[in-house]
A.B. asks: 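Below is a structure I'd like to ask you about.
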Amino acid sequence: MTRQELHTDFVVVGGGLAGVCSALAAARNGTKVVLLQDRSVLGGNASSEVRMHVVGADIHGRRPGARESGLIEELRLEDAARNPHRSYSQWDLLLYEKVLAEPNITLLLDTDCTGCAIETLPEGGRRIVSVEAVRQSTEDIFTIDAGVFADCSGDGRLGVEAGADFTMGREARSDYGESLALDSADRQTLGSSIMFTARRHDTPQPFRAPDWVRRFEKHEFKFRPIHGYEYGYWWAEWGGQLDTLKDNAAIRHELLRIALGLWNYVKNSGEHPDSANWALDWVGALPGKRESRRFLGPHVLTQQELQAGEIFPDTVAYGGWPLDLHPPSGMDAIGEPPCRHIHLEHLYGIPLRSLYSCNVSNLFFAGRNISATHIAFASTRVMATCAVIGQAIGVAAALATPLGNRSLADHFTAAEIARLQQRLLRDDAFLPGVRNEDPADLAHKGRVSASGETARGGAAQVIDGFTREFFSSLGPWADGAAHRWESVTLPAWIELRWPTPQLLNEVHLTFDSGFERELTLSASDSTTRTIIRGPQPELVRDYELLLDDQPVIRIEDNLLRKRVHRLARPLRASRLRLLVRATHGVPQARVFEIRAYET
């Protein structure tokens, strides 16, 4: 084995959506990042190895306006436009492309975190000095030192090696006063699933099951009806009654028995004659794991906070998926529904204090391992929520670098939290109830005019500090306003005018991308039925930026909601005009925000 030493600002362990978004966010904010992923592809449960669709606060589109913005929206928009045929391999490659495009990221695929060096602090806490990692395929051992670290690995390998406090299993009702908790705590968790896909052929396709598959009977599907064949089945779950870490090999084998046994039932039970021409196309080899360790931060999110739609002073992300509880034994619990959804009336905030360790001073975490009870985790665990949490800690790591010997808790004072929140908004994150108050944004000093506007889409709303329509179902802070400019016709223009010339170097634009709908990659035909697999029709397609009537930027075939344009050189101007020539479908321009910066 060859030993290598790497030096960086920020190490991210885990390349699922939380880790990818964390690395991208930190890198785009000027921080050097090493991203470790123990698989050959990025994406975790969303990758081609597992193929679980990414869901979040909009609940499959049933909560309009709640879809996650920021990096996960960028990924979804590009995937929908470039991958209309729903190839999971192309999704893998999009994530790979985005990471490789960042010069500040060093990506180490097929690389396992195996340990870390720890420094004991005078007050008794711990600080990570470096991470040890192994890449067997190239016979390399890495020692990577940094000032800040993040465990986005799902199972929490780095945190455990560092001695971070964690919990596992289900708490008792008396622990946090949660009405949905058990009378007595146990070590059981949500189970895992192995997914499969199938396709229809022109002729009948027989299926001969191996001897070792599970044999199912009709009564076992009372609460698990089979409605389609192309993608199955999230409820094919098992293993939460075991240790999802130490027993993962046994869980994987049983899930393969279940997956093939389900297909055997579909094809050979006689209950699904319309499956005759269907054949298996792919069966996952990697269990999609829902739960294992959860780390402890200064704050532990609880059921009550999520149900109250709590917005914290240090909110840096949000969620809204239901409290989604499953019987740990999954397919063995044939007398129970495969899940219990407790709907949350409003979105809730996720505080920074739930995203860093209470006893390891420079360790963040993002994904399903954040500081939350089992009941609260049942909502925060879904991947779009994990992605916005990842973006939050990536920006936080960038702003905390260099951390030195300080702890993250000491660094993030009220002033630093406010700075972090404003930077997240600048990067198109959404924080419920937090407005753009960036003092560097010159747009606030300008006067807005436009070629025309609708009754709800007043031009002045592009500088009101909010970047989505506030449907009342989002929370008590939601005012029902559109918070966007809507032109009457196309072409159309909107303009910022200042009383004196401003030195401009960077312009940020935020367009409407259809948050009223779900947008995700799914192998499920029923899920995809309401999703537009292509450019979203609300998006501005072709536009120009003009300074004092002189064109400086021209874009055709835009696919993104958030665009940042850095000018070739700083220019002075009294007027900044956005000229919209066309959209991808709707008959008017829709713009949520315009920002302007000197640097």
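Quick caveat, the model's predicted, so the values are computed rather than measured.
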A.B. asks: Could you check whether S47 and D92, counting side-chain N and O atoms only, form a donor-acceptor pair closer than 3.5 Å?
C.D. replies: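 There is no such pair between these side chains.
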A.B. asks: Looking only at heavy atoms, what is the nearest atom pair of I531 and T527, with distance?
C.D. replies: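 Taking I531 first and T527 second, the nearest heavy atoms are CD1-O, 3.5 Å.
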A.B. asks: Checking I350 against V388 for the side chain to side chain contact (heavy atoms under 4.5 Å, CB included) test, could you report, in this order, the C-alpha distance in whole Å, the side-chain angles of both residues, the deciding distance, and whether it holds?
C.D. replies: CA-CA 10 Å; I350 298 173; V388 297; 5.7 Å; no
A.B. asks: With heavy-atom distances below 4.5 Å as the criterion, would you say the side chains of L424 and V316 are in contact?
C.D. replies: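 Answer yes - side chains close enough.
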A.B. asks: If we count only N and O atoms by modelled type, under 3.5 Å, do the side chains of Y348 and S379 hold a donor and an acceptor together?
C.D. replies: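 On atom types as modelled, these side chains qualify, holding a pair under 3.5 Å.
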A.B. asks: Kindly determine whether D427 and K562 satisfy salt bridge (charged side-chain N to carboxylate O under 4.0 Å, His left out), including the steps that lead there.
C.D. replies: CA-CA 8 Å; D427 292 348; K562 173 76 176 189; over 6 Å; no
A.B. asks: With a 3.5 Å cut-off and no angle check, do the side chains of E345 and H343 form a donor-acceptor pair?
C.D. replies: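 H343 and E345 do not have a side-chain donor-acceptor pair below 3.5 Å.
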A.B. asks: I'd like to check Q536 versus L519 (side-chain heavy atoms, cut-off strictly below 4.5 Å). Are they in contact?
C.D. replies: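 Sidechains of L519 and Q536: in contact.
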A.B. asks: Under a 3.5 Å distance rule, please check whether E598 uses its side chain to pair with a backbone N or O of A440 as donor and acceptor.
C.D. replies: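 Here the side-chain-to-backbone pair does not exist.
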A.B. asks: Going by the angle between their ring planes, with limits at 30° and 60°, are H341 and W321 parallel, tilted or perpendicular?
C.D. replies: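 Plane angle over 60°, so perpendicular.
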A.B. asks: Where is the tightest heavy-atom contact between A589 and L490, given as atom of each residue plus distance?
C.D. replies: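 Of all heavy-atom pairs spanning A589 and L490, the closest is N-CD2, 3.7 Å.
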A.B. asks: Looking at T520 and V54, what are the two nearest heavy atoms and their distance?
C.D. replies: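 Closest approach of T520 to V54: OG1-O, 2.8 Å.
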A.B. asks: Could you tell me whether the side chain of L547 reaches within less than 4.5 Å of the side chain of L576, counting heavy atoms only?
C.D. replies: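 Yes - at least one pair of side-chain heavy atoms lies under 4.5 Å apart.
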A.B. asks: Does a side-chain N-to-carboxylate-O contact under 4.0 Å join E486 and R484?
C.D. replies: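 Counted as a salt bridge, because a side-chain N and a carboxylate O are separated by less than 4.0 Å.
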A.B. asks: Do E593 and L509 come within less than 4.5 Å of each other through their side chains, counting heavy atoms only?
C.D. replies: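 Counting from C-beta outward, E593 and L509 never come under 4.5 Å.
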A.B. asks: Do F295 and Y356 have ring centres separated by under 6.0 Å?
C.D. replies: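 That pair fails the under 6.0 Å test.
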A.B. asks: Decide if the gap between the ring center of W477 and the ring center of F470 is smaller than 6.0 angstrom.
C.D. replies: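 Yes: the rings meet the under 6.0 Å criterion.
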A.B. asks: Between Q37 (side chain) and D112 (backbone), is there a donor-acceptor pair under 3.5 Å?
C.D. replies: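 Between the backbone of D112 and the side chain of Q37 there is no qualifying donor-acceptor contact (under 3.5 Å).
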A.B. asks: Salt bridge or not between E291 and R381? Use side-chain N to carboxylate O under 4.0 Å.
C.D. replies: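 No.
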A.B. asks: Taking atom CD of E516 as the centre, does the number of heavy atoms from other residues, nucleotides or ligands within less than 6.0 Å exceed 12?
C.D. replies: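 Enclosed.
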A.B. asks: Whether R517 and E538 form a salt bridge (side-chain N of Lys/Arg under 4.0 Å from carboxylate O of Asp/Glu) is what I want to check.
C.D. replies: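 The answer is yes: the pair qualifies as a salt bridge.
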A.B. asks: What verdict does the side chain to side chain contact (heavy atoms under 4.5 Å, CB included) test give for C152 and V13, after you've listed the backbone C-alpha separation in whole Å, the side-chain angles of each residue and the deciding distance to 0.1 Å?
C.D. replies: CA-CA 6 Å; C152 304; V13 175; over 6 Å; no
A.B. asks: Below 4.0 angstrom, N of the basic side chain to O of the carboxylate: do R86 and D525 qualify?
C.D. replies: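 Yes, this pair counts.
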A.B. asks: How long is the straight-line distance from OG1 of T530 back to CZ of R62, given to the nearest 0.5 Å?
C.D. replies: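 Taking CZ in R62 and OG1 in T530, the distance rounds to 10.0 Å.
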A.B. asks: Step by step, would you call S87 with S89 a side chain to side chain donor-acceptor pair (under 3.5 Å)?
C.D. replies: CA-CA 5 Å; S87 163; S89 291; 4.6 Å; no
A.B. asks: Pairing donors with acceptors under 3.5 angstrom, does anything connect the side chains of E305 and H299?
C.D. replies: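 Looking only at side-chain atoms, H299 and E305 do form a donor-acceptor pair, the distance falling under 3.5 Å.
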A.B. asks: Under the salt bridge (charged side-chain N to carboxylate O under 4.0 Å, His left out) criterion, do R590 and D512 qualify, and how do the steps go?
C.D. replies: CA-CA 6 Å; R590 299 183 185 180; D512 189 351; 3.5 Å; yes
A.B. asks: For D557 versus D542, what's the shortest heavy-atom pair and its separation?
C.D. replies: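 Scanning both residues, the minimum pair turns out to be N-OD1, 2.9 Å.
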A.B. asks: Are Q422 and P439 close enough that some pair of their side-chain heavy atoms sits under 4.5 Å apart?
C.D. replies: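 No, side chains not in contact.
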A.B. asks: Find out whether I494 and E453 are in side-chain contact, i.e. whether some heavy atom of one side chain is under 4.5 Å from a heavy atom of the other.
C.D. replies: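 Not touching, per the 4.5 Å side-chain cut-off.
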A.B. asks: May I ask you to say whether D110 pairs ionically with R135, meaning some side-chain N is under 4.0 Å from a carboxylate O?
C.D. replies: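 No, D110 and R135 are not salt-bridged.
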A.B. asks: Walk me through whether L158 and V131 qualify under side chain to side chain contact (heavy atoms under 4.5 Å, CB included).
C.D. replies: CA-CA 8 Å; L158 173 60; V131 162; 3.7 Å; yes
A.B. asks: Inspect the contact between R561 and E73 and indicate whether a charged nitrogen and a carboxylate oxygen are less than 4.0 angstrom apart.
C.D. replies: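 Judged by the 4.0 Å cut-off on N to carboxylate O distance, E73 and R561 do not form a salt bridge.
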A.B. asks: Between L559 and L77, what is the shortest heavy-atom contact and its length?
C.D. replies: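 Nearest heavy atoms, L559 then L77: O-CB, 3.6 Å.
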A.B. asks: Working note: L109 + L107, criterion side chain to side chain contact (heavy atoms under 4.5 Å, CB included); need CA distance, chi angles, decisive distance, verdict.
C.D. replies: CA-CA 6 Å; L109 293 173; L107 173 62; 3.9 Å; yes
A.B. asks: Does the Q461 side chain pair with the main chain of H483, one donor and one acceptor, at a distance under 3.5 Å?
C.D. replies: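 Yes, the answer is positive, given that a donor and an acceptor are paired below the 3.5 Å cut-off.
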A.B. asks: Verify whether the ring centers belonging to F430 and Y318 lie closer than 6.0 Å.
C.D. replies: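 Ring centroids of F430 and Y318 are less than 6.0 Å from each other.
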A.B. asks: Under a 3.5 Å cutoff, is there a donor and acceptor pairing between the side chains of E518 and H60?
C.D. replies: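 Short answer, yes.
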A.B. asks: Output the distance between atom CG (D464) and atom CZ (R435), rounded to the nearest 0.5 Å.
C.D. replies: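 So the CG of D464 and the CZ of R435 are separated by 6.0 Å.
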A.B. asks: Please determine which of D155, L190, N369 meets the side-chain contact (heavy atoms from CB on, under 4.5 Å) test together with S292.
C.D. replies: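 Only match with S292 under side-chain contact (heavy atoms from CB on, under 4.5 Å): D155.
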A.B. asks: If we only count heavy atoms from C-beta on, is the S22 to F364 side-chain gap below 4.5 Å?
C.D. replies: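 No, every pair of side-chain atoms sits at 4.5 Å or beyond.
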A.B. asks: Just to verify, which of L6, N104, I105, T106 counts as forming a side-chain contact (heavy atoms from CB on, under 4.5 Å) with K32?
C.D. replies: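 The residue from L6, N104, I105, T106 that satisfies side-chain contact (heavy atoms from CB on, under 4.5 Å) with K32 turns out to be N104.
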A.B. asks: List the atom of A376, the atom of L301, and the distance in Å for their closest heavy-atom pair.
C.D. replies: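 It is CB-O, 3.4 Å.
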A.B. asks: Between F511 and Y543, is a ring pair (Phe, Tyr, Trp, His ring centres under 6.0 Å) present by the stated rule, with each step listed?
C.D. replies: CA-CA 11 Å; F511 301 120; Y543 63 91; 5.2 Å; yes
A.B. asks: Strictly by modelled atom types, are R294 and S371 linked by a side-chain donor-acceptor pair under 3.5 Å?
C.D. replies: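 There is no such pair between these side chains.
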A.B. asks: Taking the side chain as every heavy atom from C-beta outward, state whether L108 and L35 have any pair of such atoms under 4.5 Å apart.
C.D. replies: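 Not touching, per the 4.5 Å side-chain cut-off.
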A.B. asks: Are the side chain of S513 and the backbone of L539 linked by a donor-acceptor contact shorter than 3.5 Å?
C.D. replies: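 No, S513 side chain to L539 backbone: no donor-acceptor pair under 3.5 Å.
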A.B. asks: Could you check whether R426 makes a cation-pi contact with Y597, meaning its NZ or CZ is under 6.0 Å from the centre of the six-membered ring and within 45° of the ring axis?
C.D. replies: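 Cation-pi check for R426 and Y597: passes.
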A.B. asks: Short question: side chain of T401, backbone of D9 - any donor-acceptor pair under 3.5 Å?
C.D. replies: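 Such a contact is absent between T401 side chain and D9 backbone.
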A.B. asks: If only side-chain N and O atoms count, and only distance matters, is there a donor-acceptor pair under 3.5 Å linking H444 with E437?
C.D. replies: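 Absent: no donor and acceptor within the cut-off.
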A.B. asks: Could you tell me whether E74 and R76 have a side-chain N and a carboxylate O separated by less than 4.0 Å?
C.D. replies: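 Salt bridge flag = no for R76 with E74.
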A.B. asks: Does E556 come within less than 4.0 Å of R541, counting only side-chain N to carboxylate O?
C.D. replies: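 Salt bridge flag = no for R541 with E556.
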A.B. asks: Calculate, to the nearest 0.5 Å, the distance between atoms CZ and CG belonging to F471 and L347 respectively.
C.D. replies: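 Going from CZ on F471 over to CG on L347, the span is 12.0 Å.
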A.B. asks: From L442 CG over to R595 CZ, what is the distance, rounded to the nearest 0.5 angstrom?
C.D. replies: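 One gets 11.5 Å once the value is rounded to the nearest 0.5 Å.
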A.B. asks: Nearest 0.5 angstrom please: L578 CG to R563 CZ, how far?
C.D. replies: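 Here the rounded value is 12.0 Å.
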A.B. asks: Regarding R290 and S193, is there a side-chain donor-to-acceptor distance under 3.5 Å anywhere?
C.D. replies: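 On atom types as modelled, these side chains qualify, holding a pair under 3.5 Å.
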A.B. asks: Does V540 offer a backbone N or O that forms a donor-acceptor pair with the side chain of N558 under 3.5 Å?
C.D. replies: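 Indeed, once roles are kept as given, a pair shorter than 3.5 Å links the two residues.
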